[in-house]
Amino acid sequence: ATSKLRCPQYSLNTDLNYVSTGRSSMKIEFYENKLGDGIDSIGFRTRDYMLDGSGISDYENAYLEYEFYNDTDQVITVQMSAYDPLNASFGVSTSIAPHSWSGKEGTSICLKTLKEYFLGEGLDIWFIVSGIQEDGDCLYLDHLSIVER
């Protein structure tokens, strides 16, 4: 998704100040890029191989959702997009205030057009981040899951 010259660093976080659900979250740290032309804030992608949709009975009311902690001094915008194996795409965007968790608004995508067998088969999930300005700024991704409402 990103080249080695422009890739944020990822690590497991166990500091509970940056965890909303469970015992850990993923720390994403952005740095001055190696070409010397500003902070990298392209974003990153993951795949859903570990997401479990087996307990979902009604995909009309199933949502892919996440929570981010913005550990920066500025408002950031996060756009989450998901692409299924048939190339249908879904997207949602939200702004997150400095030093706070994202709210529920703008952090979930309804999966009603996806079929159960796509879950766990490589749904591409992209996060595009804008607003990162300082070398070493961090975000914490937690609670990427499928829920039924």
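Any value given below was found using the heavy atoms of this structure, including those in side chains, with hydrogens, waters and symmetry copies removed. The model shown is predicted, which means the values in this text are computed figures rather than measured ones.
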Worksheet item: Any side-chain heavy-atom pair from Phe127 and Leu141 closer than 4.5 angstrom?
Response: yes

Practice prompt. Please tell me if the side chains of Thr77 and Ser93 come closer than 4.5 Å, counting only heavy atoms from C-beta onward.
Written response: yes

Discussion item. Within the structure provided, determine whether Asp71 and Leu139 are in side-chain contact (heavy-atom separation under 4.5 Å).
Written reply: no

Worksheet, complete the sentence: The remaining residues in the hydrophobic cluster of Val19, counting side-chain heavy-atom contacts under 4.5 Å among Ile, Leu, Val, Met, Phe, Trp and Tyr, are Leu16

Discussion item. Just so I know, are the side chains of Ser24 and Asn13 near enough to count as touching, which here means a heavy-atom distance under 4.5 Å?
Written reply: no

Worksheet, complete the sentence: One should read off an interatomic distance between Lys27 NZ and Asp15 CG, to the nearest 0.5 angstrom, of 9.0 Å

Fill in: Co-membership, hydrophobic cluster, residues Tyr10 and Phe68, 4.5 Å side-chain
yes

Practice prompt. Applying side chain to side chain donor-acceptor pair (under 3.5 Å), name anything that partners Ser20, two or more places apart in sequence or on another chain.
Written response: Glu67, Asp142

Worksheet item: Looking at residues at least two apart in the chain, or sitting in another chain, which of them share a ring-ring contact (aromatic ring centres under 6.0 Å, His included) with Tyr140?
Response: Tyr18

Worksheet entry | Set of residues satisfying side chain to side chain donor-acceptor pair (under 3.5 Å) with respect to Glu65, sequence neighbours excluded | His143, Arg149

Discussion item. Is there a continuous path of hydrophobic side-chain contacts, each under 4.5 Å between heavy atoms, that joins Tyr66 to Tyr69?
Written reply: no

Discussion item. Looking at every heavy atom in both Asn70 and Ala97, which two are closest together, and how far apart are they?
Written reply: ND2-O, 3.1 Å

Worksheet entry | Joint hydrophobic cluster, Met26 plus Val78, side-chain heavy atoms closer than 4.5 Å | yes

Discussion item. Is any side-chain heavy atom of Thr107 closer than 4.5 Å to one of Met80?
Written reply: no

Item to complete: Evaluate the side-chain proximity of Val75 to Pro98: yes if any heavy-atom separation is below 4.5 Å, no if none is.
Response: yes

Worksheet, complete the sentence: Output for pair (Leu64 CG, Ile109 CD1), nearest 0.5 Å, gives 5.5 Å

Practice prompt. Enter the distance from Gln133:CD to Gln74:CD here, rounded to the nearest 0.5 Å.
Written response: 4.0 Å

Practice prompt. State which residues pass side chain to side chain donor-acceptor pair (under 3.5 Å) with Ser102; sequence neighbours excluded, sorted by chain then number.
Written response: none

